[in-house]
Amino acid sequence: MLRSDGDLGVLLLNKSSGTEHTVDLRYLGFTAASGTPEVQRWAPGDDGLVDATGTATADSVTLAPYSITVLTLHPKSGTGSAAATVGAPGTPRTTAVGAGTVGLTWPAATGTVDRYEVYEQLGTNIQLLGSSTGTSVTLSNLPAGSRHTVEVLARDRAGHLSRPSAPLTFTTTTPDDSTCTVSYQVTSGWGNGFVSDVVVSNVGPADIDGWTLTFDWPSAGQSLSSSWNANVTGDGRHVHVTNTGTNAELAPNGGNSVTFGFVGANDGANPSPTSFTLNGTVCRTVS
């Protein structure tokens, strides 16, 4: 992750329980300064994150078995955001949020800006979502009900990118004209667990005989424990729900609804899912 001060943070995981692995490091669009990067590590036996500076270079790091390692690299002088003649843009905000589009605006950066670019980090990749010569942009082709965290950077006339703005997180809405609706309600909770009820309706003109509902947990700490009135299984953050046979039919035009529930566990925050897909159709989420 490119930090606001120009440093680059690199998170590395070794999932092997008994074997260390040496990783060669290469960077796209970043030139590391000479010298030893800062290193923090957690491995079995460590008391939390420990300072492991000296165990890595900018080109290579050896990962202890079953460990988490975080490198902090400084940019080479004259490269990266330090070479830019423009400052970081101000904090962005949304001006409109739809099912597939989001409008953004932000305070201008200092200096002569060639254009602004909006980036989102997806795992280890960084994706350019949009660009503008002004201080606003409309991002398009976003999945309905999807959550995004973006930053805005300014590019100067020489092509150098500034430091990023403060991040902004938003969630797109679900389509108003969908042929299905889903209501998700947490009915009780106790710190590290909860009970939820889900109501599914078919508001389209055609009968549905046999249904599958899918959604993703917003937080990595959420999981499924047990369920009723549906077959509910989980695979990481992904949840897959099918009818039981006795509740397979959803009549058209909201003629009936199917209600099911489950007991879940949460390690930390417990935000509600924002997007549900019924037989391949993204549903409108209702309260």
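Being a predicted model, the structure only gives us computed values, none of them experimental.
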Whether the side chain of [X] engages the backbone of [Y] through a donor-acceptor N/O pair (distance < 3.5 Å, no angle test) should be reported.
{"X": "Thr31", "Y": "Lys76", "value": "no"}
{"X": "Asn266", "Y": "Gly191", "value": "yes"}
{"X": "Thr19", "Y": "Ser16", "value": "no"}
{"X": "Ser17", "Y": "Tyr66", "value": "no"}
{"X": "Ser201", "Y": "Gly254", "value": "no"}
{"X": "Thr174", "Y": "Ser275", "value": "no"}
{"X": "Asp235", "Y": "His240", "value": "no"}

Donor-acceptor pairs under 3.5 angstrom involving side-chain atoms of residues 202-219: please list them, not counting sequence neighbours.
unit_1: Asn202; atom_1: OD1; unit_2: Gly204; atom_2: N; d: 3.1
unit_1: Asn202; atom_1: ND2; unit_2: Ala206; atom_2: O; d: 2.8
unit_1: Asn202; atom_1: ND2; unit_2: Leu250; atom_2: O; d: 3.1
unit_1: Asn202; atom_1: ND2; unit_2: Ala251; atom_2: O; d: 3.3
unit_1: Trp211; atom_1: NE1; unit_2: Asn247; atom_2: O; d: 2.8
unit_1: Asp216; atom_1: OD1; unit_2: His238; atom_2: ND1; d: 2.7
unit_1: Ser219; atom_1: OG; unit_2: Gly221; atom_2: N; d: 3.3

Do [X] and [Y] have side-chain atoms, one donor and one acceptor, less than 3.5 Å apart?
{"X": "Tyr184", "Y": "Thr285", "answer": "no"}
{"X": "Asn270", "Y": "Gln222", "answer": "yes"}
{"X": "Thr62", "Y": "Thr22", "answer": "yes"}

Given Leu168 and Thr91, is the side-chain contact (heavy atoms from CB on, under 4.5 Å) satisfied, shown in steps? CA-CA 7 Å; Leu168 169 70; Thr91 302; 5.8 Å; no
Cluster overlap [X] with [Y], hydrophobic side-chain contacts below 4.5 Å:
{"X": "Val113", "Y": "Val152", "value": "yes"}
{"X": "Leu224", "Y": "Val195", "value": "no"}
{"X": "Val263", "Y": "Val186", "value": "no"}
{"X": "Phe194", "Y": "Val199", "value": "no"}
{"X": "Val50", "Y": "Leu63", "value": "no"}

Which atom names give the shortest non-hydrogen contact between [X] and [Y], and what distance separates them?
{"X": "Thr133", "Y": "Asp114", "value": "CG2-O, 4.0 Å"}
{"X": "Ala64", "Y": "Ala43", "value": "CB-CB, 4.3 Å"}
{"X": "Leu73", "Y": "Ala32", "value": "CD2-CB, 4.0 Å"}
{"X": "Pro164", "Y": "Ala88", "value": "O-CB, 3.8 Å"}
{"X": "Ser67", "Y": "Arg41", "value": "CB-CG, 4.5 Å"}
{"X": "Pro89", "Y": "Ala154", "value": "CG-N, 3.8 Å"}

Flag yes if more than 12 heavy atoms outside [X] fall under 6.0 Å of its [atom1] atom; otherwise flag no.
{"X": "Asn141", "atom1": "CG", "answer": "no"}
{"X": "Arg155", "atom1": "CZ", "answer": "yes"}
{"X": "Asp267", "atom1": "CG", "answer": "no"}

Out of curiosity, [X] [atom1] to [Y] [atom2], how far, rounded to the nearest 0.5 Å?
{"X": "Arg157", "Y": "Thr112", "atom1": "CZ", "atom2": "OG1", "value": "6.0 Å"}
{"X": "Thr233", "Y": "Asn231", "atom1": "OG1", "atom2": "CG", "value": "8.5 Å"}
{"X": "Leu25", "Y": "Leu12", "atom1": "CG", "atom2": "CG", "value": "6.5 Å"}
{"X": "Asp177", "Y": "Arg284", "atom1": "CG", "atom2": "CZ", "value": "9.5 Å"}
{"X": "Thr85", "Y": "Asp156", "atom1": "OG1", "atom2": "CG", "value": "3.5 Å"}
{"X": "Leu8", "Y": "Thr72", "atom1": "CG", "atom2": "OG1", "value": "8.5 Å"}

Evaluate Trp42 against Val70 for side-chain contact (heavy atoms from CB on, under 4.5 Å), listing each step before the verdict. CA-CA 9 Å; Trp42 177 89; Val70 179; over 6 Å; no
Measuring only between side-chain heavy atoms, which start at C-beta, is [X] closer than 4.5 Å to [Y]?
{"X": "Pro92", "Y": "Thr105", "answer": "no"}
{"X": "Tyr116", "Y": "Val137", "answer": "no"}
{"X": "Leu139", "Y": "Phe170", "answer": "yes"}
{"X": "Ser140", "Y": "Thr138", "answer": "yes"}
{"X": "Val39", "Y": "Val61", "answer": "no"}

Report the residues that fulfil salt bridge (charged side-chain N to carboxylate O under 4.0 Å, His left out) with Arg115, sequence neighbours left out, ordered by chain and then residue number. Glu117
Please step through side-chain contact (heavy atoms from CB on, under 4.5 Å) for the pair Asn229 and Val258, ending with a clear verdict. CA-CA 9 Å; Asn229 293 344; Val258 170; over 6 Å; no
Begin with the C-alpha distance, continue with both residues' side-chain angles, and end with the deciding distance and a verdict on side-chain contact (heavy atoms from CB on, under 4.5 Å) for Cys283 and Thr181. CA-CA 5 Å; Cys283 299; Thr181 65; 5.7 Å; no
Before giving the answer on side chain to side chain donor-acceptor pair (under 3.5 Å), spell out for Asp59 and Thr57 the whole-Å C-alpha distance, their side-chain angles and the decisive distance to 0.1 Å. CA-CA 5 Å; Asp59 300 317; Thr57 68; 4.8 Å; no
